[in-house]
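What follows is a short report on a single structure.
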Amino acid sequence: MERLTAHWAILGKTPESLDDYGVIRCSTGAITNAEFGMWLKAFTSGTMEPKALPRVATSYFTAGPGGEPWLGLSLQREPDSQDGFHRPYAMTYYVCVRWADLVAGGSRVSYRALYEALAGQDFSGDAPFLLSPAAYDERRLAAQVNPTARRAAALLLTGRPVCVVRAGHLSPDRRLDFLDAVAALLPYGFRHTLAVSTWTNSASLHRIRLSFAEVPPTHGTWELPWESDERPASYPSEALAYEKELERYQGDDLGDLVGWLGTLVEPGDFGDASHRAAATRLLRGEVWARGGRSAVHPPRPSVEQLLRQCRESIANADERRLGELTTLLAERARGRVTDQDRRTYRVFVRANPIRPPERLGASAVLCDFFEVLLRLLYAARMRAVDVEEMLVDLGVPHRPGAAPPAAVLAAMGRLLPSSAPSGRLLIAHLRGPEHLHTVLATMSEDELCDVAVRSRNRKVLEIVLDEADRRALPSDPRGMEAVRYALARHRYLIEAISSVHAAEESVLRYREVLQVGHRRDLTGADIKEILADLDSPPRTFLLAMMTLCAPGTAPALLQTMAGGTMRELSLTGSPVADDVRAGIDRMFSRDGGGRAARYRRSAGLRRLGPASTPGKVLAAASVVMVVAALALWLWP
Amino acid sequence: MAETDSAPGDPERGREPDIAMWGASGSGKTAFLAALSIALNKSRDAGWRLIGENPVSRTELAKLRNTLLQARTFPAPTEALTYYSWMIIGPPETRRRWWWPWTALPAKAPKIKLDFLDLRGDLYAESESNIDKQALITSLVKSRGLLYMFDPDREARVGDAFKHLDAALHEVAGRMLVGDEYEDGKLPHYIAVCITKYDDPRVLRIAMEEGFTERDPGDELRIPQVPPDRVRDFFRLLCQESYDHNTETILDLIEAFFHKDRIRYFVTSSVGLFIDEELGRFDPDDFLNVIDNAGGGLTIRGAIRPMNVMEPVIWLGSMLRPGAIRNRPWNG
Ligand SMILES: Nc1nc2c(ncn2[C@@H]2O[C@H](COP(=O)(O)OP(=O)(O)O)[C@@H](O)[C@H]2O)c(=O)[nH]1
Ligand SMILES: [Mg+2]
């Protein structure tokens, strides 16, 4: 802080004096003795009481032809002499600085800094002082903030004075810090019309806006009990709003906020309702309308900070606080949250798991909290991956039987309607069979397959296949057909299965898909139908087909596969194609085409199985092996 | 609370003090108020009480009493305009119906609600640009009772009572008498002119030496009293003794501004004379009740027996609240 020119005065008496208090000595220059006298008396805190000394108070006034604003601070010391009526009297030491000087530099001055600068002066001579107050220490100020300070700041914005009671035990120092903290929770410009005092007498007519007192004045003042939870009767909404805004800031965030408020030096007048309203708007991050200044935004409490507090209140089962915090969090969730933000929050939650105690159960507040949390951590359209990640994030072990807390389930239920279909399925599944059934009932076979393909999620796939299995009853040919066509249209879920399963599992899954669609061994026609629209089926798929092919379908399989390959390679109709076909025919004829033809004729009539003779089994097996080897060789 | 834009400290609008204290610094205003509750309790007509009407006034009343009774000293110099809302409760009075006077109605205690305004005496002389001064004048204009404290000792030393009173009277008169409301050209207030510190030897000696004192035959303590009909003359005499010659005209000044029948003179002492309990009566050689203590301050030596502290207040009370109290000896 640069040096500040301070004018000064001493209000008191001289020993043996028969007069009332008056200005004993003062600096010369900008402010006259009479002006000092008037303003010092005008800002009296009431008749001194020994137990309330030393007393520190602030005041403001204008002086000079231009009505220049000043801000002053006074210290009333314990009495050490007596007047002409033998009454002990207390001297008041006063310094005042031009408001313009106060806000000119980059750094602000706190009441404490001004007080300490005053205490270092000897009040002699008649020259103004050059003060070097300590720099504005927002961390220290923030550390003094308690709920009473927040409420006091909020109540001041109603325009009525605030009187803190039941604080007689606090030292004058602590009281001064409190007053400073309250002022620090308002835009700095409001100090322009803020008179505070570490002690006032409520029977006295005084102009102190914020003070401590034994009892509050009878009228027009807010009585604020020290560190008490009870809200004043008829607590106005504007004050409540400001208090809530302030509550969002804790720890370092609060320091940042205080620092930011310190930059708002536009003079504010508590007597002016529009200024007071502007302060609230300002804290909410809405534009400061006056002077056409550009929008300024308060630093926001970090979401992590809020989450930490939520976590704490959940652990303490403090539902009231949790409710308040949830409101704040909800605001944040409604604002712009980038994917990067969401990731950061998720990492935070994962590192700081939230474990609601049993007794909270699925209380409405807790459900609200989780709903807001989920909205904040994941985009509103929850997908299956999100749901799964959420379970991991929330520390729900991802294994069967380990259910998420009831409140989380309930919160997920609320998110269900806005979720993506895959998310919907998974949420419903987590919430229980009846929920799942309700969701599934609204989905067509096509939609089911679509979800499975898009989500590429193991669990979703499982759910879809189970459902398909349930719908494709052999006794219900139409149902079966619907399922089969849907599967065919969705390439037998190849995209989903191949991306979530390894080789062996894939084969088993494809087999399931094929079984659900056909409910029998695959005939040559089936094979043709399946492979007809399928470009480049994965090898695992082909293997699955082979596990289901009916006896005698080897030629059909091989031919279909060969045909497909040649189609893909645009070889259809070429001499090579003929060669291939001839080759395949030769493969299946031990003694010319007749055998092959006979074999083909019997296709579909004979079944692979224990009923066959060992020789035939052997032959068939070798044929299958050959076909498989070829197929795998041929197919890219 | 609809009034949200009021400046801090604005007294409740529409409610101004009934009785304002008037008098220079140190004339004994605050001490008088502090003695009031003691005086009421000690009155011969036992059963009077003073209570605070709200928490603030109750707290302040207790502080003032404790200063005298426990700390046995005087209140600190007043720094600000101070408002007290007090209620004086009298002894229950039996009442009878005028048309059936043979059976008594249930007894009823008179209650007078009085708001007092105490202040630092200098304020009356300060310039009108002063914010507190404006509040004071507003209060004076609205109040109807004045307790004017005249400190003979101070007058003998500084002699600024006239200056103070003159300035203040002209201020109030300037506000109230320019219109047509008070056609007779006098202020509407009742004013109790109180000579304070009667116990102070410098005051008591004059009274005794100049032959103003009498003994009430019914008074076992045999305290010299100035009879009510001689107080005005005593006051005139004291004014003549003043350091400042203008003071002589104070009485004329008061009587010029107020209706004669609304002025009453009292000789008062907040702490009363010292009475040696063993002797059991007034001793002209040992009546000093306020003595210097080791710390350089003052200590009240013996029992506190306020003199004529209750009387001016009850008189003002009965004038301001006619009907609250029925005729009493001090009413005339
Ligand atoms: N002896 C005596 N001294 C008094 C009495 N009342 C007041 N004083 C003295 O006068 C001083 C000033 O009284 P105070 O009530 O403070 O005067 P104020 O400035 O008019 O309020 C006190 O400190 C006492 O020393 C009284 O009844 N008797
Ligand atoms: Mg006083």
Side-chain angles (χ1 to χ4, degrees), chain A residues 11 13 17-22 34 37-39 41-50 76 79 81-90 92 158-162 195 200-211 213-222 234 236 270-273 276, chain B residues 1 3-13 15 24-26 28 30 53-60 63 73-85 117-123 126-127 129-133 135-136 139 151 153-154 157-158 160 290 292-293 295-298:
Chain A
L11 184 78
K13 300 190 181 202
S17 146
L18 295 177
D19 294 331
D20 267 321
Y21 282 104
M38 167 161 139
W39 291 115
K41 289 176 197 171
F43 280 100
T44 173
S45 309
T47 301
M48 68 105 169
E49 293 166 65
Q76 192 174 33
S81 26
Q82 286 155 354
D83 66 5
F85 299 100
H86 296 271
R87 294 177 295 191
Y89 58 81
T92 302
T158 62
R160 283 164 59 185
V162 176
T200 49
N201 181 320
S202 294
S204 301
L205 174 76
H206 63 71
R207 292 176 176 75
I208 309 290
R209 230 168 236 289
L210 170 67
S211 67
E214 193 169 351
V215 275
T218 316
H219 302 282
T221 300
W222 292 109
S234 71
F270 282 106
D272 186 330
R276 302 196 304 260
Chain B
M1 163 82 29
E3 187 72 57
T4 51
D5 275 344
S6 68
D10 258 7
E12 185 198 11
R13 257 162 230 183
R15 183 154 171 198
S25 172
T30 312
E53 242 223 303
N54 53 45
V56 178
S57 300
R58 271 196 289 281
T59 312
E60 293 307 307
K63 277 188 214 158
T73 187
F74 289 94
T78 310
E79 286 177 58
L81 286 181
T82 310
Y83 294 81
Y84 303 110
S85 296
L117 170 65
D118 192 13
L119 64 164
R120 52 193 172 82
D122 282 3
L123 190 54
E126 271 167 25
S127 94
S129 61
N130 192 320
I131 323 172
D132 271 346
K133 177 67 175 286
L136 170 63
S139 289
D151 173 7
D153 176 41
R154 183 190 167 95
R157 289 200 273 172
V158 221
D160 55 359
V290 178
D292 293 338
N293 63 25
L298 295 178

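Order of the sequence lines fixes the chain letters, A, B, ..., with proteins taken first and strands second; residue numbering starts at 1 for each chain. The structure displayed is predicted, hence computed values, not measured ones.
- Heavy atoms closer than 4.5 Å to chain A are found in the side chain of B:Arg154, but not in its backbone.
- For the pair A:Ala203 and B:Tyr84, the tightest heavy-atom approach, listed with the atom from each and the gap, is CB-CE2, 4.4 Å.
- Atoms CG and CG, from B:Leu117 and A:Leu205 in turn, are 9.0 Å apart once rounded to the nearest 0.5 Å.
- B:Asp122 places a side-chain N or O within donor-acceptor distance of the main-chain N or O of A:Asp20, the cut-off being under 3.5 Å.
- Interface summary for chain A: among B:Gly121, B:Gly297, B:Gly26, the most heavy-atom pairs under 4.5 angstrom belong to B:Gly26.
- Side-chain contact between A:Val215 and B:Glu60 is absent, with no heavy atoms from C-beta onward closer than 4.5 Å.
- Contact check on B:Asp132 versus A:Arg207 returns a salt bridge, with a Lys/Arg side-chain nitrogen under 4.0 Å from an Asp/Glu carboxylate oxygen.
- For chain A, no part of B:Lys133 is nearby; none of its heavy atoms comes within less than 4.5 Å.
- For A:Pro50, no part sits under 4.5 Å from any heavy atom of chain B, backbone or side chain.
- The contact between A:Thr44 and chain B is made entirely by side chain atoms (from C-beta outward), counting heavy-atom distances below 4.5 Å.
- Atoms CG and NE2, from B:Leu298 and A:His86 in turn, are 5.0 Å apart once rounded to the nearest 0.5 Å.
- Of the atoms belonging to B:Ala135, it is side-chain heavy atoms, and not backbone ones, that fall under 4.5 Å from chain A.
- The CG atom of B:Asp160 lies 8.5 Å from the CG atom of A:Leu18; values are rounded to the nearest 0.5 Å.
- Annotation: salt bridge (Lys or Arg N to Asp or Glu O under 4.0 Å) contacts of B:Asp153 (sequence neighbours excluded): B:Arg157, B:Arg202.
- Nearest approach of A:Pro216 to B:Val56, heavy atoms of both residues: O-CG2, 2.9 Å.
- To the nearest 0.5 Å, atom CD of residue A:Glu49 and atom CD of residue B:Glu79 are 10.0 Å apart.
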| task | Please step through side chain to side chain contact (heavy atoms under 4.5 Å, CB included) for the pair B:Lys63 and A:Asn201, ending with a clear verdict. | result | CA-CA 12 Å; B:Lys63 277 188 214 158; A:Asn201 181 320; 4.2 Å; yes

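- One finds the NZ atom of A:Lys41 at 8.5 Å from the CG atom of B:Leu123 (value rounded to the nearest 0.5 Å).
- Residues forming a salt bridge (Lys or Arg N to Asp or Glu O under 4.0 Å) with A:Asp83 (at least two apart in sequence, or on another chain): A:Lys13, A:Arg87.
- Both the backbone and the side chain of B:Thr78 come within less than 4.5 Å of a heavy atom of chain A.
- Looking at B:Asp151, only its side chain comes within 4.5 Å of chain A, counting heavy atoms on both sides.
- Considering every non-hydrogen atom in both B:Thr82 and A:Ser204, the closest pair reads OG1-OG, 3.7 Å.
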